[in-house]
Amino acid sequence: MAAAAAGGDGEAAVMRAEVAALRLRVQELERENQRLGKIASRCTCGSSKDDSAASSPVVSESFSSSKQEPQKNVKSHCRGCQVGVVSHCPKQLIALKIMYFGQRFYGFASEAHTEPTVESEIFKALERAKLLVGSRKESCYSRCGRTDKGVSATGQVISLFLRSNIKDAKLDVLDNKSGDFLARFSCLGREYKYLFWKGDLNISEMQKAALKFIGEHDYRNFCKMDAANVSNYRRHITDFNISAYDQRSNYDELWAITIKGSAFLWHQVRCMVAVLFLIGQGLESPCIVDSLLDITKTPRKPQYKMASEIPLILRSCLFDEVNFMCSSEASQALIEHLKDEYHQYMLQAAIFCEALSCLCSPEPDPFEPRHKKRNHIPLMSRQTEPSYEERIAKVKTKSAGSV
């Protein structure tokens, strides 16, 4: 009997423990229910009486279909909510540092309505991660640089409001508590790098001309002029250097032009590099830079072709007291990805090198000049584009005619 009583007491103790655990669990669920109720009460989505499906603040799973149909504006079950955009969540102003390779993109900005652009891909990724809060206009979106089609970047920066629980996204982020950070206007300086093969270029003459760019000048003859939106063409270049890149092929040596400045005009870097190449080929003198920077002497830009966009890189953007953060896991994953890509391209280069080794070079003709110089028209003798004054007068005439 004593053993039976002891056994009964043991079972009763186990049952009491289970009941106590269940009570604790019920309390936890009640607290969670209250927390979710507060979130739901702040949601203004689907407040219309005729939309019974809009009672949940959760974004619809139909978002996944946007991958197959990126041009369609797929709606969620919540009326007024854009898929991938959660308007009721807390938000913070965040800066993202972005790396991209521009060969497959139609530039950075998406205003041209030509896909794909870097900007459109960024917003698609943010939507998939459900990080956007409100529309692009409501997010106070700002970009540090607007790179052209084919141009790459290793340090592009954008800023916008995103959901505050950003740490889970494993992105480079900046928490700006003051709320006045804008990627474009908060940037103190930008650094561009342009890669090129040396060939027969006279680097000494190019460097002599490059030094003339340093300082504050009017660069209207070294850009694509946008008179309708830009009236000030003065920019400050702080550093302009040409140096070996410590990489070579069997036939040539890779060099780099590094340019630093507070801000740049549309196509400014590619125009400056194009003129430097003419100087390096011996077709122009370094003093041509002085002539083009003197807008009194040269008010109209001579027509010349810009340097290729492919070797141009927006290397970095400078900000005051800004420290970007990136998790070690995400950083390591990116490093491994870039290493794999580098090895693949090196293998492809080795295949081309092998193909070249199988070809016989033609015997040079001793009576033919080694290098045929093409007919070069000096820049100061070429046809010119309209001056700024002529362009702005045309814009005003067109505006007056449309009223």
Undergrad: State, with a plain yes or no, whether a side-chain heavy atom of Leu93 is found less than 4.5 Å away from one of Leu160.
TA: no

Undergrad: Please examine the side chains of Phe196 and Ser308, heavy atoms only from C-beta on, and report whether any two atoms are closer than 4.5 Å.
TA: no

Undergrad: Are Phe264 and Tyr219 close enough, and set up right, to give a ring-ring contact (aromatic ring centres under 6.0 Å, His included), and what steps lead you there?
TA: CA-CA 9 Å; Phe264 293 86; Tyr219 286 96; 8.4 Å; no

Undergrad: Can you tell me how far OH of Tyr342 sits from NE2 of His337, rounded to the nearest 0.5 angstrom?
TA: 15.5 Å

Undergrad: Do you know which two heavy atoms are closest between Arg391 and Pro386, and how far apart they sit?
TA: NE-O, 3.2 Å

Undergrad: Is the side chain of Glu119 donor-acceptor paired with the backbone N or O of Ser110 at a distance under 3.5 Å, no angle test?
TA: yes

Undergrad: As a test of understanding, state which of Leu334, Asp340, Ile335 forms a side-chain contact (heavy atoms from CB on, under 4.5 Å) with Leu338.
TA: Leu334

Undergrad: Taking the basic N atoms (NZ, or NE/NH1/NH2) and the acidic carboxylate oxygens, is any pair closer than 4.0 Å for Lys149 and Glu309?
TA: no

Undergrad: Taking side-chain contact (heavy atoms from CB on, under 4.5 Å) as the test, write out the residues that go with Asn232, two or more places apart.
TA: Arg234, Arg235

Undergrad: Measure the shortest side-chain to side-chain distance between Arg163 and Lys130 over non-hydrogen atoms and say whether it is less than 4.5 angstrom.
TA: yes

Undergrad: The test is side chain to side chain contact (heavy atoms under 4.5 Å, CB included); show your working for Ile279 and Ile288 and say whether it passes.
TA: CA-CA 9 Å; Ile279 294 169; Ile288 189 63; 3.8 Å; yes

Undergrad: Closest approach of Leu276 and Ala210, non-hydrogen atoms and distance?
TA: CD2-N, 4.0 Å

Undergrad: If you measure from OG on Ser381 to NE2 on His376, what distance do you get to the nearest 0.5 Å?
TA: 8.5 Å

Undergrad: Treating Asn221 as the side-chain partner and Lys301 as the backbone partner, does any N or O pair qualify as donor plus acceptor under 3.5 Å?
TA: yes

Undergrad: Does the Asp148 side chain pair with the main chain of Val151, one donor and one acceptor, at a distance under 3.5 Å?
TA: no

Undergrad: In the structure I gave you, are the side-chain heavy atoms of Leu162 and Leu126 within less than 4.5 Å of one another anywhere?
TA: yes

Undergrad: Is Arg382 reaching over with its side chain to a backbone N or O of Ile377, donor-acceptor style, under 3.5 angstrom?
TA: yes

Undergrad: Please give me the minimum heavy-atom distance between Ile392 and Ala227, naming the atom from each residue.
TA: CD1-O, 3.4 Å

Undergrad: Say whether, by atom type as modelled, one donor and one acceptor occur between the side chain of Ser159 and the main chain of Ala183 under 3.5 angstrom.
TA: yes

Undergrad: Are a donor atom and an acceptor atom from the side chains of Glu336 and Gln332 found within less than 3.5 Å of each other?
TA: yes

Undergrad: Between Ser186 (side chain) and Phe181 (backbone), is there a donor-acceptor pair under 3.5 Å?
TA: no

Undergrad: Would you check if Val275 and Glu284 make a side-chain contact, meaning some heavy-atom pair closer than 4.5 Å?
TA: no

Undergrad: Just how far is it from atom OH of Tyr245 to atom CD1 of Ile257, taken to the nearest 0.5 Å?
TA: 13.5 Å

Undergrad: Is Ser152 close to Gln103 at the side-chain level, that is, under 4.5 Å between some pair of heavy atoms?
TA: yes

Undergrad: Does atom CZ of Arg184 have more than 12 heavy-atom neighbours, drawn from other residues, nucleotides or ligands, at distances under 6.0 Å?
TA: no

Undergrad: Using every non-hydrogen atom in the two residues, find where Lys212 and Lys208 come nearest and quote the distance to one decimal.
TA: CG-O, 3.9 Å

Undergrad: Around atom NZ of Lys198, are there more than 12 heavy atoms from other residues, nucleotides or ligands closer than 6.0 Å?
TA: yes

Undergrad: Checking Arg190 side chain against Ser262 main chain: does a donor-acceptor pair fall under 3.5 Å?
TA: yes

Undergrad: Decide side chain to side chain contact (heavy atoms under 4.5 Å, CB included) for Val157 and Ile98; before the verdict, give the C-alpha distance in whole Å, the side-chain angles of both, and the deciding distance to 0.1 Å.
TA: CA-CA 6 Å; Val157 175; Ile98 301 163; over 6 Å; no

Undergrad: Phe213: which residues meet the ring pair (Phe, Tyr, Trp, His ring centres under 6.0 Å) condition with it, sequence neighbours left out?
TA: Phe222, Phe240

Undergrad: Evaluate the criterion salt bridge (Lys or Arg N to Asp or Glu O under 4.0 Å) for residue pair Lys124 and Glu121; output intermediate values, then yes/no.
TA: CA-CA 5 Å; Lys124 287 177 186 177; Glu121 293 299 308; 3.5 Å; yes

Undergrad: Counting heavy atoms not belonging to Glu354, are there more than 12 under 6.0 Å from its CD?
TA: no

Undergrad: Donor-acceptor pair, distance only, cut-off 3.5 Å: does the side chain of Glu385 make one with the backbone of Arg300?
TA: no

Undergrad: Would you say the side-chain atoms of Ser120 pair up with the backbone N or O of Pro116, donor to acceptor, closer than 3.5 Å?
TA: no

Undergrad: Which heavy atom of Cys326 sits nearest a heavy atom of Ser331, and at what distance?
TA: SG-N, 3.9 Å

Undergrad: Set out, in order, the CA-CA distance, both residues' side-chain angles and the distance that settles side chain to side chain contact (heavy atoms under 4.5 Å, CB included) for Arg220 and Ser387, then state yes or no.
TA: CA-CA 9 Å; Arg220 66 182 63 189; Ser387 66; over 6 Å; no

Undergrad: Determine whether the side chains of Tyr194 and Thr258 contain a donor N or O and an acceptor N or O closer than 3.5 Å.
TA: no

Undergrad: Can you tell me how far the OG1 atom of Thr117 sits from the CZ atom of Arg104, to the nearest 0.5 Å?
TA: 10.0 Å

Undergrad: Got a sec, which residues hit side-chain contact (heavy atoms from CB on, under 4.5 Å) with Gln383, two or more places apart in sequence or on another chain?
TA: Gln303

Undergrad: Is the backbone of Pro302 close enough, under 3.5 Å, to the side chain of Thr384 for a donor and an acceptor to pair up by distance?
TA: no

Undergrad: When rounded to the nearest 0.5 angstrom, what is the spacing between CG in Leu254 and CH2 in Trp197?
TA: 4.5 Å

Undergrad: Begin with the C-alpha distance, continue with both residues' side-chain angles, and end with the deciding distance and a verdict on side chain to side chain contact (heavy atoms under 4.5 Å, CB included) for Leu379 and Leu292.
TA: CA-CA 9 Å; Leu379 287 179; Leu292 294 174; 4.2 Å; yes

Undergrad: With a 4.5 Å cut-off on side-chain heavy atoms, are Asp246 and Trp255 touching?
TA: no

Undergrad: Atom CE of Met272 and atom CG of Leu293: how far apart are they, to the nearest 0.5 Å?
TA: 9.5 Å

Undergrad: How close do Gly261 and Thr238 get, counting heavy atoms only, and between which atoms?
TA: N-OG1, 3.9 Å

Undergrad: Is the ring centre of Phe123 less than 6.0 Å from the ring centre of Tyr141?
TA: yes

Undergrad: Report the C-alpha distance between Tyr388 and Ser231 in whole Å, list the side-chain angles of each, state the deciding distance to 0.1 Å, and finish with yes or no for side-chain hydrogen bond (donor to acceptor under 3.5 Å, both in side chains).
TA: CA-CA 8 Å; Tyr388 169 75; Ser231 59; 4.7 Å; no

